[in-house]
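Down below is the structure, laid out as structure tokens.
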Amino acid sequence: MDSFVEEVLLEHKDIVDICNRLGKELTADYQDKRPILVGLLKGSIPFLAELIKHIKCDLEIDFMQASSYEGTKSKGTVMVLKDLITPVIGRHLLIVEDIVDTGFTLQEVMNLLQDRGAASIEVVTLLDKPAGRKVDVTPKYIGKTIPNKFVIGFGLDYNEIYRNLDYVGVLKESVYKK
Ligand code: 5GP
């Protein structure tokens with residue numbers, strides 16, 4: 001195990017299994033809907049890349065970047081740093097998240113996309129931390145529910161590093177409490 005990791009929560013093969021399960025559900029639910037998968041940058045990229053391999057229907061992808069985090073803490077205010085290119089009016093949207101914690105990011109992004117006239121908006125997240133929730137949002141599709149710990153890997157960063165790990169682990173407190 002890497003020296004900065006306290007515990008591995010998902011091995012790479014677990015992530016592939018999760019994407020396979022979610023892909024089957026999404027294939028059934030989105031046949032003939034040609035959804036737009038809205039990847040929230042940057043953390044969703046590895047998850048989105050694995051997930052789409054398991055969805056067997058027509059789909060499009062686009063990306064948004066919304067930020068509320070500094071280090072390991074949510075600031076509670078969300079800024080849109082990069083917007084979608086695709087018009088969403090009348091379209092079925094599937095927001096792809098790495099992790100849902102407070103829910104601030106999702107709430108903000110969902111409100112914005114709703115205002116633009118999307119036909120439907122659902123959320124697929126690799127990880128859910130319900131104990132951290134501060135607003136009432138519930139992702140429809142969840143890879144794994146995890147305890148309220150700061151995790152890294154498979155897209156998830158600490159100060160922009162560790163996104164390239166092929167697994168998800170809990171970051172040792174000693175790395176950020178110096
Ligand atoms: P929320 O707005 O729900 O609090 O947080 C959503 C975003 O915060 C995620 O997309 C992710 O970028 C970041 N985040 C939340 N919890 C964690 C965590 O445990 N580890 C890392 N690396 N990022 C997190």
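The basis for the numbers below is simple: all heavy atoms, side chains too, and nothing from hydrogens, waters or symmetry mates. Ligands are counted one by one from 1 in listed order, and the atoms in each one are counted from 1 as well.
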Problem set entry | Contact with ligand 1 for Gly43, non-hydrogen, under 4.0 angstrom | no
Problem set entry | Contact atoms of ligand 1, heavy-atom distance to Asp157 under 4.0 Å | 21 (C), 22 (N)
For this session: Give the single entry among Leu156, Asn159, Leu106 that approaches atom 23 (N) of ligand 1 most closely by any heavy atom.
Result: Leu156
Problem set entry | Atom indices of ligand 1, in the order listed, that fall short of 4.0 Å to a heavy atom of Val151 | 18 (C), 19 (O), 20 (N), 21 (C), 22 (N)
For this session: Go through the structure and list residues passing side chain to side chain donor-acceptor pair (under 3.5 Å) with Glu60, not counting sequence neighbours.
Result: Arg34, Arg91
For this session: Anything under 30° is parallel, anything over 60° is perpendicular, the rest tilted; go ahead and classify Tyr158 against Tyr176.
Result: tilted
Seminar exercise, completed: Near Thr105 (heavy-atom distance under 4.0 Å), the atoms of ligand 1 are 1 (P), 2 (O), 5 (O), 6 (C)
Exercise. For ligand 1, is there an atom lying under 4.0 Å from some heavy atom of Tyr158?
Worked result: no
Exercise. Lys82 side chain to Phe63 main-chain N or O, any donor-acceptor pair under 3.5 Å?
Worked result: yes
Exercise. Numbering the atoms of ligand 1 from 1, which are under 4.0 Å from a heavy atom of Glu97?
Worked result: 6 (C), 10 (O)
Problem set entry | Heavy atoms from other residues, nucleotides or ligands near CG of Asn148 exceed 12 (cutoff 6.0 Å) | yes
Exercise. For ligand 1, which atoms have a heavy atom of Asp98 less than 4.0 angstrom away?
Worked result: 9 (C), 10 (O), 11 (C), 12 (O)
For this session: Taking atom types as modelled, find out whether Thr86 and Asp62 have a side-chain donor-acceptor pair closer than 3.5 angstrom.
Result: yes
For this session: Could you tell me which residues satisfy side chain to side chain donor-acceptor pair (under 3.5 Å) with Asp166, sequence neighbours excluded, listed by chain and number?
Result: none
Seminar exercise, completed: For Lys149, the ligand 1 atoms with a heavy-atom partner under 4.0 Å come out as 19 (O)
For this session: May I ask you to check whether Asp2 and Tyr162 show a side-chain donor-acceptor distance below 3.5 Å?
Result: no
Exercise. What do you reckon, does Lys129 put a non-hydrogen atom under 4.0 Å from ligand 1?
Worked result: yes
